[in-house]
Amino acid sequence: MLEEWNDTSAEVADGTLPVLFEEQVARTPDAVAVVFEGVELSYREVNERANRLARLLVGEGAGPERFVAVAMPRSAELVIVLLAVLKSGAAYVPIDPDYPADRIAYILDDADPMAVITVGNSGVELPTGTSRILLDEPGTAAQLAVEGAENLTDAERLGSSGADVPAYVIFTSGSTGRPKGVVVEHRSLVNLLAWADRRFEFGQLARVVASTSLNFDVSVFEIFSPLVAGGSIEVVQDLLSLADLEPEALAGSLVSGVPSAFSHLLSGSLGDARPSAVALAGEALAAHTVRDIQAAMPGARVANIYGPTEATVYTTYWHADAGTGVDTTPPIGRPIDNVSTYVLDAGLCPVPVGVAGSCTSRATAWRVGT
């Protein structure tokens, strides 16, 4: 329980997400990286646009150990903005434009970002005096046009960017009901992406549907896993938008979401959609949901993945291959690479094999890193 089942050690590159992405750009510059509403952007195009914006952000004071809030509508530009913030060395703080004004004000006051990146028609209500960068403002466009498109060097940043530098901040509801900011470092993020690249074999990261709001950390998996593995992202408004896509857009893709939303999606019509993998997280998964997905999407691997935001998106993984019957409640599986999991009682002591842990003990502990 303590050693053998938690023997998850695996080698992970000691770097940051921008480095991994830029290495992929060098390998496949002309491959499609991002798709939105039928418009495709190559790895080279995404990288160059992100580099220009990153230089603008550095000029505004963005850098390691600093935060930049992002309040953008879902689009290809959203992915470019995230990469630009990370390339500057700063960490991004997602702000849902539809959040109530008081919640937005609380998050901004708590995180204290150096600026908010947004557009004029985002609909976001920002507090008076908030520093903002409007991407669709003519002055911003003119400034971006003269910035360099090549990768930033360490000398250009305002500080040293490494594996222990924050990459993003996700605000959860918190145990008190007040939003709680969870800061995740590049080291943990890179570990997750390395695991995903090993786990989702047979090209399952070649096409990934990005449907999750940035305010939920599953978005981190959907957006960045394919971008460091040479795959492409299809950005959609939400999971229910899959019903509006042409079947060929989902062919061979990976889609993810919470089980209840997937069940609602299946109650509609997906036509001949044939994704290669379905990743479910965020809620308990029932056996009948797995069977329904297998019936509606023949050939798809169905994965049940679990993890708290504090442990970087996912900590455990289980899957059912196509054609595998599922008659009992699916387990949450075994720990991912470089993560340890323990089932504990109310006194936070390990329980014997076959004994249920205490729900009040928050019965998963974790360590991230090698």
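Keep in mind that what you see is a predicted model, and the values were worked out from it rather than measured.
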Problem - Centroid-centroid distance, His319 to Tyr317, less than 6.0 Å - result: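 Between His319 and Tyr317, the centre distance is under 6.0 Å.
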To the nearest 0.5 Å, how far apart are [atom1] in [X] and [atom2] in [Y]?
| X | Y | atom1 | atom2 | answer |
| --- | --- | --- | --- | --- |
| Leu135 | Ile80 | CG | CD1 | 9.5 Å |
| Phe221 | Thr212 | CZ | OG1 | 10.0 Å |
| Ser340 | Met1 | OG | CE | 13.5 Å |
| Thr312 | Leu189 | OG1 | CG | 7.5 Å |
| Asp110 | Phe67 | CG | CZ | 9.5 Å |

Would you check if the side chain of [X] reaches a backbone N or O of [Y] as a donor-acceptor pair within less than 3.5 Å?
| X | Y | answer |
| --- | --- | --- |
| Glu45 | Ser42 | yes |
| Asn51 | Glu150 | yes |
| Asp136 | Gly120 | yes |
| Asp164 | Arg187 | no |

Between [Y] and [X], is there a side-chain donor-acceptor contact under 3.5 Å, judged purely by atom types and distance?
| X | Y | result |
| --- | --- | --- |
| Asn191 | Ser188 | no |
| Glu222 | Ser256 | yes |
| Arg291 | Gln294 | no |

Exercise for the section: Take Gln204 and Ser276 through the test side chain to side chain donor-acceptor pair (under 3.5 Å) and record every step on the way to the result. Expected result: CA-CA 6 Å; Gln204 291 170 349; Ser276 62; 4.9 Å; no
Problem - Greater than 12 external heavy atoms within 6.0 Å of Glu3's CD - result: no
Handout entry: Atom OH of Tyr106: over 12 foreign heavy atoms under 6.0 Å
Key = yes
[X] and [Y] ion-paired at < 4.0 Å:
| X | Y | value |
| --- | --- | --- |
| Arg198 | Asp337 | yes |
| Glu310 | Lys180 | yes |
| Glu156 | Arg55 | yes |
| Glu147 | Arg49 | no |

Exercise for the section: May I ask you to establish whether Arg334 and Trp318 are in a cation-pi arrangement, using a distance under 6.0 Å from NZ or CZ to the six-membered ring centre and at most 45° from the ring axis? Expected result: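 Cation-pi check for Arg334 and Trp318: fails.
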Practice task
Tell me whether the guanidinium CZ or amine NZ of Arg103 lies under 6.0 angstrom from the six-membered ring centre of Tyr99 and within 45° of its axis.
Solution key: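 Yes, Arg103 lies over the aromatic ring of Tyr99.
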Exercise for the section: Mind telling me whether Phe200 and Trp195 have parallel, tilted or perpendicular rings, with 30° and 60° as the class edges? Expected result: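 The rings of Trp195 and Phe200 stand perpendicular, inter-plane angle above 60°.
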